[in-house]
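What follows is a single structure, written as structure tokens, with notes after it.
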Amino acid sequence: MKKILITGGAGFIGSHVVRRFVNKYPEYQVFNLDALTYAGNLENIKDIENNPNYTFVKGDIVDEKFINDLFALHNFDGVLHLAAESHVDRSIEDPLAFVKTNVIGTMNLLNAAKNQWKGNFDGKRFYHISTDEVYGSLGSEGLFTETTSYDPNSPYSASKASSDHFVRAYGETYGLPYVLTNCSNNYGSYHFPEKLIPLFINNIINNKPLPVYGDGNYTRDWLFVEDHAIAIDLVFHEGKNHETYNIGGFNEWKNIDLVKLLCGIMDDKLGREKSASEKLITYVKDRPGHDLRYAIDASKINKELGWKPSVTFEEGLEKTINWYLNNQEWLENVTSGAYKEYYQKQYS
Ligand code: NAD
Ligand code: DAU
């Protein structure tokens, strides 16, 4: 039986990856390692918690001894590393927290894998799940490819770029078999409501202002999270060692257009008069160092592994909005407590 370690599996994307692996691969023993920070929630994976091939481990990837002991105990065959501090605005407030988890935490996992596997890499694989933000910002034209130079602008993207470099360095220096993916903006269920789409859905439900940064003319490439989980499964099993794959939705939206679309759908669903939610749009102070545009060229993963998004944006957004409307208790639970303090500080 293969032992697979997934880090960050109580978070947004990680919960979808863990669910997919536990359900699809009963022959694997799946370990989900998560520190349960504000972004991690066991509710996100409640449906699989009693599966015989699933084990949850609460722990911090920054704790070197803990990580070494865990690897010594289980000698994992594969690692899918998703645990991270993931929110750009928080990285501007507290960059060091991002260095600790995203850089030191990744280093601890790399070292533990290298030391445990001791040069015998048969059947082993280290997969780092990363972001398109490492490439910096595009102008109005062009797409990020796998050969685009790294040019990170936020403390978050600088920490992810640093961890990507360490993963590649361990591949070159020690022969560690790795794969790496850089993905665009995800959306879907269990997305923490500090990020644009779930934050605005929550605020529309509660008739609160919709804080659009700057002029709203920033562009992101949106991908349904379950399509990202399918791509991760494919790269983990069929990607080539020492290769990078870009993953994206072929789905660019200016923030303001996306917000207006969201408002229209929410008005229909909530039985509100036309344009009621648009009246909540409030232009606020811009994010410092705000990247203008991200857009992914995902042709490599399409040509080499046959992946493409399976869900249109209309379908994905509909599913996402329905999920939040049907899971308002989840929203209330995650927005109680520390979230209120964060919200006050960020948007007052
Ligand atoms: P998230 O913030 O929703 O979840 C992160 C998870 O990591 C949480 O469960 C949290 O408890 C856990 N975690 C944080 N610090 C930890 C630590 N020190 N030790 C152990 N666990 C810790 O993040 P997400 O949006 O699901 O992103 C997952 C990964 O995918 C990240 O590496 C992120 O950089 C990358 N990514 C995200 C997106 C996106 O749009 N969300 C896009 C591309 C890449
Ligand atoms: O591109 C991939 C990245 O996408 C991931 O690596 C990150 O983990 C993920 O958080 C996301 O980063 P962004 O900064 O693009 O996502 P966010 O949802 O924070 O913001 C999306 C856009 O919306 C961005 O241009 C900023 C804007 N925005 C965001 C918030 C939270 C607003 O206008 N108002 C807001 O209140």
Side-chain angles (χ1 to χ4, degrees), residues 6-18 32-42 44-45 57-63 66-67 80-92 97-98 100-102 104-106 108-109 128-135 137 144 154 156-157 159-160 163-164 181-188 190-200 203 209-223 225 228-229 232 247-249 253-256 258-259 281-287 290-296 343 346-347:
I6 301 180
T7 71
F12 166 46
I13 302 172
S15 62
H16 289 275
V17 174
V18 166
N32 174 8
L33 167 63
D34 198 294
L36 298 180
T37 68
Y38 78 92
N41 187 348
L42 289 177
N44 299 0
I45 30 166
V57 182
K58 184 171 187 292
D60 188 341
I61 59 169
V62 181
D63 183 341
F66 168 77
I67 293 297
L80 288 96
H81 176 35
L82 293 102
E85 288 292 341
S86 68
H87 192 37
V88 173
D89 293 325
R90 288 184 190 255
S91 82
I92 294 166
F98 284 67
K100 285 182 184 157
T101 288
N102 300 358
I104 307 290
T106 303
N108 285 339
L109 291 166
H128 188 225
I129 284 80
S130 191
T131 171
D132 60 356
E133 298 201 11
V134 297
Y135 300 123
S137 183
F144 295 134
S154 72
Y156 163 69
S157 53
S159 70
K160 292 295 291 189
S163 53
D164 285 1
T181 50
N182 297 92
C183 186
S184 65
N185 287 61
N186 286 214
Y187 69 97
Y190 303 109
H191 203 184
F192 193 80
E194 63 187 352
K195 311 279 167 58
L196 183 75
I197 290 183
L199 171 71
F200 279 34
N203 283 13
L210 305 176
V212 173
Y213 293 160
D215 59 8
N217 284 319
Y218 295 89
T219 299
R220 297 292 181 265
D221 170 2
W222 293 93
L223 176 68
V225 65
H228 190 189
I232 288 174
I247 305 172
W253 283 82
K254 279 196 170 148
N255 291 342
I256 190 63
L258 170 56
V259 169
I281 293 175
T282 313
Y283 292 91
V284 300
K285 192 164 143 286
D286 211 346
R287 171 186 282 176
H290 198 165
D291 287 332
L292 178 67
R293 176 172 163 258
Y294 305 141
I296 282 279
Y343 197 92
Q346 179 67 19
Y347 295 106

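Keep in mind that this is a model prediction, so the values were computed, not measured. When a ligand or atom number is given, it counts from 1 through the structure's own listing order.
The two atoms that bring Ala83 and Thr7 nearest to each other are N-OG1, 3.0 Å, heavy atoms only. In this structure, Lys195 and Pro198 approach most closely via the heavy-atom pair O-CD, 3.2 Å. Contact record, Pro209 with Thr282: CB-OG1, 3.5 Å, taken as the closest heavy-atom pair. When all heavy atoms of Asp221 and Gly248 are compared, the closest pair comes out as OD2-CA, 3.9 Å. Closest approach of Gly249 and Leu223 over heavy atoms only: CA-CD1, 3.9 Å.
Every side-chain contact (heavy atoms from CB on, under 4.5 Å) that Ser154 has, sequence neighbours left out, goes to Val88, Ser91, Glu133, Tyr156, Ser157. Evaluation of the side-chain contact (heavy atoms from CB on, under 4.5 Å) rule for Ala84 yields Asn102, Lys160 as partners, not counting sequence neighbours. With sequence neighbours left out, the side-chain contact (heavy atoms from CB on, under 4.5 Å) criterion links Tyr283 to Val212, Ile256, Ile281.
Some N or O of Leu196 is nearer than 3.5 Å to an N or O of ligand 2, by distance alone. Here's the thing with Asp89: none of its N/O atoms is less than 3.5 angstrom from an N/O atom of ligand 2. Checked against a 3.5 angstrom limit, the closest N/O atoms of Tyr347 and ligand 2 fall inside it. In terms of N/O distances under 3.5 Å, ligand 2 is not approached by Tyr218. The shortest N or O to N or O distance between Pro211 and ligand 2 is under 3.5 Å. Checked by distance only, ligand 2 and Ser86 come closer than 3.5 Å through their nitrogen or oxygen atoms. For Tyr294, no nitrogen or oxygen atom sits less than 3.5 Å from a nitrogen or oxygen atom of ligand 2, counting backbone and side chain alike.
The protein heavy atom nearest to atom 24 (C) of ligand 2 is His290 NE2, 3.4 Å. Ranking the protein heavy atoms by distance from atom 27 (C) of ligand 2 puts Asn255 ND2, 3.4 Å first. Counting only heavy atoms of the protein, atom 14 (O) of ligand 2 lies nearest to Arg287 NH1, 2.6 Å. Atom 1 (O) of ligand 2 has its closest protein heavy atom at Asp132 OD1, 2.5 Å. For atom 11 (C) of ligand 2, the closest non-hydrogen atom on the protein side is Asn185 ND2, 3.4 Å. Ranking the protein heavy atoms by distance from atom 5 (C) of ligand 2 puts Tyr156 OH, 3.6 Å first. Ranking the protein heavy atoms by distance from atom 29 (C) of ligand 2 puts Tyr213 CE1, 3.6 Å first.
Of all the listed residues (Gln346, Glu133, His87), Glu133 holds the heavy atom that lies closest to atom 13 (P) of ligand 2.
To the nearest 0.5 Å, the span separating CG on Asp286 from OH on Tyr213 amounts to 9.0 Å. In this structure, CZ on Arg90 lies 4.0 Å from OH on Tyr38, to the nearest 0.5 angstrom.
The backbone of Ser184, and not its side chain, has at least one atom closer than 4.0 Å to an atom of ligand 2 (non-hydrogen atoms only; backbone = N, CA, C, O). Under 4.0 Å from ligand 2, the heavy atoms of Leu199 that appear belong solely to its side chain.
Donor-acceptor pairing under 3.5 Å is lacking for the side chains of Tyr347 and Asp89. Side-chain atoms of Tyr343 and Glu194 form no donor-acceptor pair, as typed in the model, at a separation below 3.5 Å.
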As a test of reading the model: which N/O atoms of the protein lie under 3.5 Å from N/O atoms of ligand 1, and at what distance?
residue, atom, partner, partner atom, Å
ligand 1, 2 (O), Ser86, OG, 2.6
ligand 1, 3 (O), Phe12, N, 3.1
ligand 1, 9 (O), Gly11, N, 2.9
ligand 1, 9 (O), Asp34, OD1, 3.2
ligand 1, 9 (O), Asp34, OD2, 2.5
ligand 1, 11 (O), Asp34, OD1, 2.6
ligand 1, 11 (O), Thr37, N, 3.0
ligand 1, 11 (O), Thr37, OG1, 3.1
ligand 1, 18 (N), Asp60, OD1, 2.8
ligand 1, 18 (N), Thr101, OG1, 3.1
ligand 1, 19 (N), Ile61, N, 3.0
ligand 1, 21 (N), Ala35, N, 3.1
ligand 1, 23 (O), Ser86, OG, 3.3
ligand 1, 26 (O), Phe12, N, 3.4
ligand 1, 26 (O), Ile13, N, 2.8
ligand 1, 32 (O), Leu82, O, 3.0
ligand 1, 32 (O), Lys160, NZ, 2.6
ligand 1, 34 (O), Tyr156, OH, 2.7
ligand 1, 34 (O), Lys160, NZ, 3.1
ligand 1, 40 (O), Asn186, N, 2.9

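For ligand 2, the atoms sitting less than 4.0 Å from at least one non-hydrogen atom of Thr131 are 1 (O), 2 (C), 3 (C), 5 (C), 6 (O), numbered in the order shown with element in parentheses.
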Task: Chi angles and distances behind the side chain to side chain donor-acceptor pair (under 3.5 Å) call for Asn182, Asp164 - done: CA-CA 9 Å; Asn182 297 92; Asp164 285 1; 3.2 Å; yes

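Side-chain atoms of Val57 and Asn32, non-hydrogen and from C-beta on, never get closer than 4.5 Å to each other.
A 6.0 Å sphere centred on NZ of Lys100 holds no more than 12 heavy atoms belonging to other residues, nucleotides or ligands.
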